Amino acid sequence: MVKINIEGKLLEVEPGSSIKDALRKLDPKLAKKTVIAISDGKKLDLGHVPGEDIGIKPVTSDDSLALDVLNHSTAHIMAHAIQRLYPDTKFAIGPAIEEGFYYDFDTRSTITFQDLPKIEKEMKRIIKKNPKFEKKEVSKKQAKSIFSDNPYKLELIEGIEEDRVGIYTTGDFVDLCKGPHIPTLAKIGAFKLLSIAGAYWRGKEENKMLTRIYGTAFYSKEDLDAYISRLERAKESDHRKIGKELDLFSFHDEAPGFPFFHPKGMVLINNILDYWREEHKKEGYEEIKTPMILSNELWKTSGHWENYKDNMYFVEIDQAEYAIKPMNCPGSNLIYRSRQHSYRELPIRYPEIGLVHRHEKSGVLHGLFRVRNFTQDDAHIYCTEAQLEEEITRIIKLIARMYDVFGFNEYHVELSTRPPKRIGSEAIWDKSEALLEKIIKENKLDYKVNEGDGAFYGPKIDFHIKDCLDRTWQCATIQLDFSTPEKFDLAYVGKDNAKHRPVMLHRVVLGSLERFIGILTEHYGGNFPAWLAPVQMVVLPISEKFEQYARNIYSRFEDEGFRAEFDNRVESLGKKIREAELNKVPYMVVIGKNEQQTQTLTIRTKSGRDIKEIRIDRFIGMAREATSKKKMDL
RNA sequence: GCCCGUGUAGCUCAGAUGGUAGAGCAUUUCCAUGGUAAGGAAAAGGUCAUCGGUUCAAGUCCGAUCGCGGGCUCCA
């Protein structure tokens with residue numbers, strides 16, 4: 001008899017019984033819900049037959065881990081279907097990913113998006129037949145002979161450390177796979193193939209381009225529907241769509257990757273910057289501005305010429321080479337170096353709203369998220385080593401405060417440590433990594449460590465914010481830099497009257513202003529809070545008869561400094577309201593007979609609250625409260 | 001950069017199998033003076049991304065270029 005310990009419950013089963021058999025014996029209901037089992041950290045198929053006593057933990061379909069298994073199994077079924085439809089196909093890898101799965105394969109046929117329904121149909125046919133996932137463990141040599149005509153699998157087998165590898169067979173489809181898989185295809189409640197794309201084998205540009213099909217699977221149709229509707233909502237809030245609809249910004253063939261901001265988009269930029277300057281002034285920052293074109297000599301000094309050349313644009317002036325700045329730090333350093341500094345001045349905080357240009361490959365451009373020129377809300381802080389902790393803590397607090405105003409209450413940080421290619425002594429790295437980690441802990445930030453992902457000159461903390469659709473975006477970063485001060489020979493005079501080297505901090509809060517506006521647009525779905533809204537209120541006279549009174553109201557709003565519009569077109573009220581709604585104007589001010597008689601206003605807010613016959617002073621107070629306090633709702 | 005898709009009026013999109021372009025919205029003008037998401041009518045608006053090729057004939061077929069979209073190490 002074999003003893004199986006299922007989460008503390010001991011069970012004895014006949015030798016040769018599978019985990020599923022054991023579970024059935026213990027609790028048939030549980031057995032039905034269980035997808036895989038975990039034993040000693042190892043994920044096992046339910047069909048697994050324990051050779052000796054074992055302790056297991058069943059994983060049911062409610063578990064997120066079970067969803068990965070389902071997705072992975074569905075990837076196999078897709079590959080199976082593709083093999084049937086395109087027999088010459090050689091399969092590469094097909095993992096489960098965060099929100100689904102994909103499979104990469106090499107085929108002579110050209111498969112397009114239009115072919116996906118056909119593949120789905122074939123998959124359904126396979127699922128209906130419900131072949132079992134049969135696992136076999138074979139030696140590497142055997143595996144190689146099984147996949148002898150598939151260079152991708154051969155390469156994968158080569159890379160596997162263990163002596164024996166897993167082979168899964170479903171019907172007439174055989175795949176190299178460590179598993180585990182769902183016990184029956186009936187578990188696939190619903191799936192959908194989502195998109196098709198090219199993907200380099202192992203993600204490397206020098207490798208062959210394979211065909212990748214993305215899909216997603218769920219245990220229930222409801223879950224799939226919820227997922228699809230979330231995708232649709234994301235599509236609705238796409239900043240490229242909203243940007244066009246709200247007349248915020250545009251892109252033109254004449255300048256690929258270089259965004260154009262329209263008057264309404266500029267309102268966003270300017271309001272964000274006003275707020276940004278206010279916060280930075282409080283923190284003792286003194287703004288600077290450096291030129292966009294600087295001599296190549298400078299970029300050679302900074303190391304950018306050597307490390308960043310491919311991403312830079314160059315111009316020739318009077319037979320000399322100049323570069324368009326991809327970063328702001330060298331310019332800032334020149335200002336620092338323009339005179340001597342005393343230790344009494346430190347820390348010096350130089351923020352710069354700097355427009356940088358970086359060459360990005362044409363294929364990676366993406367709305368405001370990936371552009372070729374953007375405005376960094378940069379700052380360079382020159383301080384002593386002893387001041388680092390306080391400075392970094394202050395930046396973290398500043399970031400938290402500013403994110404809160406935009407409604408990003410959820411974020412985590414990532415600490416990136418020393419990369420393989422780096423400068424500076426190990427002692428300095430030890431010290432600075434430990435310092436950053438200590439500060440992160442002291443500030444109780446949710447964090448994870450990215451080993452080896454730091455800049456060559458120092459470790460960094462990156463901030464990832466979560467938007468209302470649960471997507472995360474890296475915005476703020478704080479980078480420690482011991483190297484640049486050296487390269488630029490930056491110095492300050494210490495108490496001892498000797499020259500010392502300052503330490504430098506590079507940091508951004510919003511990151512790229514352009515990108516941040518893209519993120520905000522999607523986060524708010526275009527419904528900007530009143531303090532940011534390009535148009536804060538629109539005055540809507542019901543007919544021309546009330547135009548004069550309405551115009552007075554409108555002028556009053558203008559005088560009070562609000563961004564108001566006056567819709568005195570000869571159109572029906574319904575139409576004016578509709579357009580104001582589509583333009584996502586926070587306050588609609590309706591003026592008709594009643595309002596004129598009582599010298600009041602009727603307000604329809606974007607948030608759905610209506611206010612009847614309010615006096616103008618009261619409404620102005622209300623609107624002022626919402627804007628000055630940067631309230632999220634009206 | 002690479003793979004697949006795509007590019008028609010300011011916007012959103014129709015235009016099998018090739019026979020010199022259509023709708024809705026927006027715009028302009030006129031009528032209706034209107035009470036909370038489109039009142040009615042008319043007009044104007046396009047070298048069908050660009051260049052080249054096939055053809056008697058190209059928005060449509062072929063090629064190139066440019067732009068845009070989905071992707072391009074979440075590893076059996």
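Source: prediction; values computed, not measured. Protein chains get the first letters and strands the later ones, always in sequence-line order, with residue 1 at the start of each.
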Could you check whether [X] gets within reach of a base, just the sugar-phosphate, or nothing at all, counting any heavy atom under 4.0 Å?
{"X": "A:E162", "result": "base"}
{"X": "A:A199", "result": "sugar-phosphate"}
{"X": "A:N594", "result": "base"}
{"X": "A:H366", "result": "sugar-phosphate"}
{"X": "A:G367", "result": "sugar-phosphate"}
{"X": "A:E595", "result": "base"}
{"X": "A:G574", "result": "sugar-phosphate"}
{"X": "A:R604", "result": "base"}
{"X": "A:T602", "result": "base"}

[X] [atom1] - [N] [atom2] separation (whole Å):
{"X": "A:N207", "N": "B:C75", "atom1": "CG", "atom2": "C1'", "result": "13 Å"}
{"X": "A:I196", "N": "B:C4", "atom1": "CD1", "atom2": "P", "result": "10 Å"}
{"X": "A:L231", "N": "B:G70", "atom1": "CG", "atom2": "P", "result": "13 Å"}
{"X": "A:Y214", "N": "B:G69", "atom1": "OH", "atom2": "P", "result": "17 Å"}
{"X": "A:L368", "N": "B:G69", "atom1": "CG", "atom2": "P", "result": "11 Å"}
{"X": "A:Y102", "N": "B:G71", "atom1": "OH", "atom2": "P", "result": "13 Å"}
{"X": "A:K575", "N": "B:U33", "atom1": "NZ", "atom2": "C1'", "result": "16 Å"}
{"X": "A:L540", "N": "B:A37", "atom1": "CG", "atom2": "C1'", "result": "12 Å"}

**Report entry** Under the side-chain hydrogen bond (donor to acceptor under 3.5 Å, both in side chains) test, residues paired with A:S61 that sit two or more places apart
**Finding:**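 Once residues adjacent in sequence are excluded, A:S61 has no partner under the side-chain hydrogen bond (donor to acceptor under 3.5 Å, both in side chains) criterion.
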Of the candidate nucleotides [options], which contains the atom at the shortest distance from the side chain of [X]?
{"X": "A:V364", "options": "B:G39, B:U36, B:C72", "value": "B:C72"}
{"X": "A:P256", "options": "B:G1, B:G70, B:G67", "value": "B:G67"}
{"X": "A:K545", "options": "B:G71, B:U33, B:U36", "value": "B:U33"}
{"X": "A:E581", "options": "B:A37, B:G67, B:U36", "value": "B:A37"}
{"X": "A:V590", "options": "B:U36, B:G1, B:U33", "value": "B:U36"}
{"X": "A:I93", "options": "B:G70, B:C75, B:U33", "value": "B:C75"}
{"X": "A:R569", "options": "B:U73, B:C2, B:U27", "value": "B:U27"}
{"X": "A:T112", "options": "B:G35, B:G39, B:C4", "value": "B:C4"}

Just by distance, do the side chain of [X] and the backbone of [Y] share a donor-acceptor pair under 3.5 Å?
{"X": "A:D45", "Y": "A:H181", "result": "yes"}
{"X": "A:E579", "Y": "A:K576", "result": "no"}
{"X": "A:D88", "Y": "A:R108", "result": "yes"}

Distance between [atom1] atoms of [N] and [M] (Å, rounded):
{"N": "B:G59", "M": "B:G18", "atom1": "C1'", "answer": "10 Å"}
{"N": "B:U33", "M": "B:G69", "atom1": "P", "answer": "48 Å"}
{"N": "B:G22", "M": "B:G46", "atom1": "C1'", "answer": "11 Å"}
{"N": "B:U27", "M": "B:A38", "atom1": "P", "answer": "16 Å"}
{"N": "B:G1", "M": "B:U65", "atom1": "P", "answer": "10 Å"}
{"N": "B:A23", "M": "B:A14", "atom1": "P", "answer": "16 Å"}
{"N": "B:C61", "M": "B:U55", "atom1": "C1'", "answer": "10 Å"}
{"N": "B:C11", "M": "B:G7", "atom1": "P", "answer": "15 Å"}

Query raised in the report: A:T417 and A:E451: side-chain donor and acceptor closer than 3.5 Å?
Result: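 Checked: A:T417/A:E451 side chains pair up, N/O donor to acceptor below 3.5 Å.
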Query raised in the report: Do the side-chain N and O atoms of A:T74 and A:H76 include a donor-acceptor pair separated by under 3.5 angstrom?
Result: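 Short answer, no.
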**Report entry** Within 6.0 Å of CZ in A:R569, more than 12 heavy atoms from elsewhere
**Finding:**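 Buried by this count: over 12 neighbours within 6.0 Å.
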Requested in this report: Hey, could you give me the OH/CZ distance between A:Y587 and A:F557, rounded to the nearest 0.5 Å?
Outcome: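 So the gap between those two atoms works out to 10.5 Å.
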Does [X] put a side-chain nitrogen or oxygen below 4.0 Å from OP1 or OP2 of [N]?
{"X": "A:K244", "N": "B:U12", "answer": "yes"}
{"X": "A:S195", "N": "B:G70", "answer": "no"}
{"X": "A:R578", "N": "B:U36", "answer": "no"}

Query raised in the report: Less than 4.0 Å between a side-chain N and a carboxylate O, is that true for A:R84 and A:E122?
Result: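 Here A:E122 pairs with A:R84 in a salt bridge, since their nearest N and O are under 4.0 Å apart.
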Requested in this report: Report the residue from A:Y103, A:Y102, A:Y86 that forms a ring pair (Phe, Tyr, Trp, His ring centres under 6.0 Å) with A:F91.
Outcome: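 Looking at A:Y103, A:Y102, A:Y86, the match for A:F91 under the ring pair (Phe, Tyr, Trp, His ring centres under 6.0 Å) is A:Y103.
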Requested in this report: Start with the C-alpha distance between A:V174 and A:I146, add both sets of side-chain angles, then the distance that settles side chain to side chain contact (heavy atoms under 4.5 Å, CB included), and finish with yes or no.
Outcome: CA-CA 9 Å; A:V174 182; A:I146 294 171; 4.3 Å; yes
Requested in this report: Treat a base pair as Watson-Crick or G-U wobble with both distances under 3.5 Å, then lay out RNA chain B in dot-bracket form, 5' to 3', with | for cross-strand pairs.
Outcome: (((((((..((((.....[..)))).(((((.......))))).....(((((..]....))))))))))))....
Report task. Map A:Y200 and A:P541 onto RNA chain B by nearest heavy atom, then report which one ends up closer to the 5' terminus. Result ->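 Nearest nucleotide further toward 5': that of A:Y200.
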**Report entry** Earlier contact from the 5' end, RNA chain B, for A:K361 and A:D238
**Finding:**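 The residue closer to the strand's 5' end, by nearest nucleotide, is A:K361.
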